[in-house]
Amino acid sequence: MSGRHGIPKSRWLPAYVTVYLAFLYLPILLLPIFSFNNAATTTFPLAGFTTKWYASLWHNTALLEAARNSMIVGISVAILSTVLGICAARAITRYRFRGQRAATGLIMAPLFLPEIIFAVSLLMIILQLGVELSLVTVILGQVIFCLPYAMSVLISGFGGFDRSLEEASLDLGETAIGTFRRVTLPVVAPALVSSLLVSFTVSLDEFILAFFLSGTEPTLPVYIWGQLRFAAKLPGVLALGSVMILISILLLTLSEIIRRRAEHRLRAQGALNA
Amino acid sequence: MAVLSGIEVEQRPAHPRKNRVRWTASDEASGLALISPTLLYAVALLFLPILIVVAYSFWTQDYLTIDRTFTLQNYQTALGEPIYQDLLVRSLVISLVVSVVTVTVSYPIAWFISFHGGAHKNLWLFLITVPCWTSYLLRVMSWKVILGYGGVMNTGLLSIGIIDKPLTSLLYNSNAVVITLVHSWAAFAILPIFVSLEKVDRSLIEAAHDLGDNKLMSFLRVTLPLSLPGVISAFLIVMIPTVGDYVTPKLVGGKDGVMIATAIQAQFGKGANWPLGAALSVTTMVIVSAAAGIAVLALKLLVRMAK
């Protein structure tokens, strides 16, 4: 049997892909299933449908406080990593300079480091400087962690950018700022939005740095970690977890749609110019 | 699409240099100026802190103060104490097993998407990556729910009559840690492999077939060697971070699944001994880098032999 390009297509591969997807999704689907289960334990068969665990979330002030902290951290981290990511991604895709590889390597390094090691190193430098642990320290740390993700999104967004458009704009008398606002920005805007959404999602779900650097103000994952010791709290945690998973999936889907539409538009433009 | 495909960015050639000499100089300056805020941030909050860790690892904790005379005593403790030796060895073995398993089970998926994804490659990649973007802590918790004594796996197997009493061997051991970590890192392995498979010239595979290679031979002699850079990236991006994983061993590892991160964390908690914590961190990084380097060499050698 032969597929396109004469690449052999095997019969077992689609079955394998199905099993693999089930393995990937099963743990994520289990949380919502049990969050509607009318029992405090996570066993089959299910005990009936209830929304009481979700209702209980609204009256939990500690949880609402943690949610507020997560929002503050998430929004700040998203903005900071995207702004810093824009500088670096633009420098890398637009210019060529000595030390480029080393600089890129350093910014991308958190992807290749055990998180606990830079969490501990940040904790040491922060306490050493006599700075109090707070949401600010969480934000500072998470930006380092989110930068590689923001950069990846932005680099692929900027990479397809046609430089001659900017040159044409400058040649026709537009200022550098005007060119950025009227030519560059509209083309790269989808990548910016994507980067904001991805960074926010990564920050929302990040645990280790928040755990080490948050002091007395927990974010949602740190709050959940504290609840895990109590078996009775499990259903509430499952409901909260389901909400968080839903938010993450929605944000990522949104980011993907924005990016793909931009890609299609760029491709269509390219075809037109050719 | 692949969010992580940017990892490969260094291999992409930058814009062709313009011939005008004056502009080259200015290009360099502009590039450096533009990257400097990000670079300074990374130097201040990533590079310097790591240097501090290295410095601390050569100092000693003297009750509440730090004695800054150079000493190797922390390393003697880190490498000599049986408890740290055990934790280091176990962490290393677990991360090695996790990365080998993850890369092996993920390769066919990357291959499938690259060669048979057709017009829906992006959709496939998105489907595969979504679970990995949801909260890591929640996914580990979910595995605890699945593998626990009164958990999904046990109660499920009981109710369909495969077992007659709950299995205790599912949770709180290294196997549970490995399963959970493989699940967590799947997308990180698939993306780099996919990116490198996309670059494989399809006509080379056709040529191999035309010249009489069967499926297996053309895979071993053409596809696998050409996708090796992706396999190596995938291997490193899984192995190095997992060695220091904290949440998974804590939640599903039990006594037999404790890893080095727990010992590192302990040095920054109540029984504070920062220099020892620093030495453990440095030791872990050095050992895992060396092990990863050896593994990559072995992999290259294996692939060359298979050719």
Side-chain angles (χ1 to χ4, degrees), chain A residues 3 5-9 13 16-17 20 24-25 27-28 30-31 41-45 84 87-88 90-91 95-97 101 103-104 106-107 109 111-112 114 116-118 120-125 140 144 149 151-153 155-156 198 201 205 207-208 221 224 241 244-245 248-249 252 256 260, chain B residues 3-4 6 9-10 14 17 27-28 30-32 34-35 37-39 41-42 45-47 49-50 52-53 108-109 112 115-116 126 130-131 133-139 142-143 145-146 150 152 155-156 159 186 202 205-206 209 215 236-237 240-241 243-244 246-247 261 264 268 274 281 285:
Chain A
H5 304 304
I7 305 295
K9 187 168 191 162
L13 200 55
Y16 179 74
V17 173
Y20 192 92
L24 275 187
Y25 277 89
I28 289 149
L30 269 176
L31 297 187
T41 53
T42 51
T43 50
F44 281 120
L84 289 173
C87 295
R90 180 95 173 122
Y95 302 104
R96 201 179 207 194
F97 51 93
R101 284 185 69 128
T104 315
L106 178 65
I107 296 166
L111 278 181
F112 291 90
I116 188 141
I117 289 184
F118 67 87
V120 157
S121 68
L122 272 168
L123 180 74
M124 285 169 78
I125 205 166
L140 290 175
I144 286 287
Y149 300 103
M151 284 267 287
S152 308
V153 174
I155 285 172
S156 69
V198 166
T201 314
D205 293 334
F207 170 68
I208 295 286
I224 291 177
M244 286 177 68
I245 288 177
S248 298
I249 292 180
L252 290 167
E256 179 73 8
R260 277 230 255 153
Chain B
V3 168
L4 284 170
V9 72
E10 289 167 64
R17 197 189 293 248
D27 245 26
E28 174 124 38
S30 316
L32 281 171
L34 197 51
I35 205 171
T38 320
L39 192 59
Y41 192 92
L45 288 165
L46 182 63
F47 187 66
I50 302 268
I52 299 245
V53 170
I109 306 293
F112 175 79
F115 284 76
H116 300 296
F126 181 66
V130 160
W133 290 106
T134 58
S135 169
Y136 165 57
L137 181 61
L138 293 171
R139 274 178 287 139
S142 185
W143 278 105
V145 166
I146 295 172
V152 174
T155 50
S159 67
R202 306 304 198 248
I205 302 170
E206 272 179 61
H209 284 294
K215 283 183 203 176
L236 295 178
I237 215 170
I240 298 177
V243 81
Y246 178 75
V247 173
I264 294 177
F268 294 89
W274 286 16
S281 303
M285 271 313 289

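Below, read A as the first sequence line, B as the second, and so on, with proteins coming before strands; counting in each chain starts at 1. Predicted, not measured: the structure shown is a model, and the values here were computed from it.
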Which distance, rounded to the nearest 0.5 Å, do you find between the CZ of B:F112 and the OH of A:Y20? 13.5 Å
Looking at B:G31 and A:A91, what are the two nearest heavy atoms and their distance? O-CB, 3.5 Å
Need one label for A:M124: side chain, backbone, both or neither, based on atoms under 4.5 Å from any heavy atom in chain B. both
If every non-hydrogen atom of A:A103 is compared with every non-hydrogen atom of B:I35, which pair is closest and at what distance? CB-CD1, 4.0 Å
Say you draw a straight line from CD1 of B:I52 to CG of A:L123; how long is it, rounded to the nearest 0.5 Å? 12.0 Å
Contact class of B:I240 relative to chain A, heavy atoms under 4.5 angstrom: both
Among A:V17, A:L13, A:L24, find the residue that satisfies the side chain to side chain contact (heavy atoms under 4.5 Å, CB included) test when tested with B:I109. A:V17
For a side chain to side chain contact (heavy atoms under 4.5 Å, CB included) check, start with the C-alpha distance between A:F118 and B:L45, then their side-chain angles and the critical distance, and finish with the verdict. CA-CA 9 Å; A:F118 67 87; B:L45 288 165; over 6 Å; no
Are B:L32 and A:Y95 close enough, and set up right, to give a side chain to side chain contact (heavy atoms under 4.5 Å, CB included), and what steps lead you there? CA-CA 9 Å; B:L32 281 171; A:Y95 302 104; over 6 Å; no
Okay, A:L140 and chain B: the region with an atom under 4.5 Å from a heavy atom over there is both
Is the OH atom of A:Y16 crowded by more than 12 outside heavy atoms at less than 6.0 Å? yes
Contacting region of B:L137 [heavy-atom separation from chain A under 4.5 Å]: side chain
Atom SG of A:C87 and atom CG of B:L39: how far apart are they, to the nearest 0.5 Å? 11.0 Å
For side chain to side chain contact (heavy atoms under 4.5 Å, CB included), just list the numbers for A:I107 and B:Y41, CA-CA rounded to whole Å, side-chain angles, deciding distance to a tenth of an Å, and then say yes or no. CA-CA 9 Å; A:I107 296 166; B:Y41 192 92; over 6 Å; no
With chain A, which of B:A42, B:P131, B:P37 has the greatest number of heavy-atom pairs at distances under 4.5 Å? B:P131
After noting the C-alpha distance and the side-chain angles of A:L31 and B:L138, does the key distance pass the side chain to side chain contact (heavy atoms under 4.5 Å, CB included) rule? CA-CA 8 Å; A:L31 297 187; B:L138 293 171; 3.9 Å; yes
Could you grab the distance from atom OG1 of B:T38 to atom CG of A:L106, nearest 0.5 Å is fine? 10.5 Å
Minimum heavy-atom separation for B:G244 and A:P114, please, with both atom names. CA-CB, 3.9 Å
Interface residue of largest heavy-atom contact number with chain A, from B:F47, B:W274, B:Y136, under 4.5 Å: B:W274
Pair count under 4.5 Å, heavy atoms only, with chain A: among B:L46, B:I264, B:V130, B:V53, highest is B:L46
Interface moiety of A:L84 toward chain B, non-hydrogen atoms closer than 4.5 Å: both
Measure the spacing between OG1 of A:T201 and CH2 of B:W133 and express it to the nearest 0.5 Å. 8.0 Å
Kindly say whether B:T134 contributes a backbone atom to a donor-acceptor pair with the side chain of A:S248 at under 3.5 angstrom? no
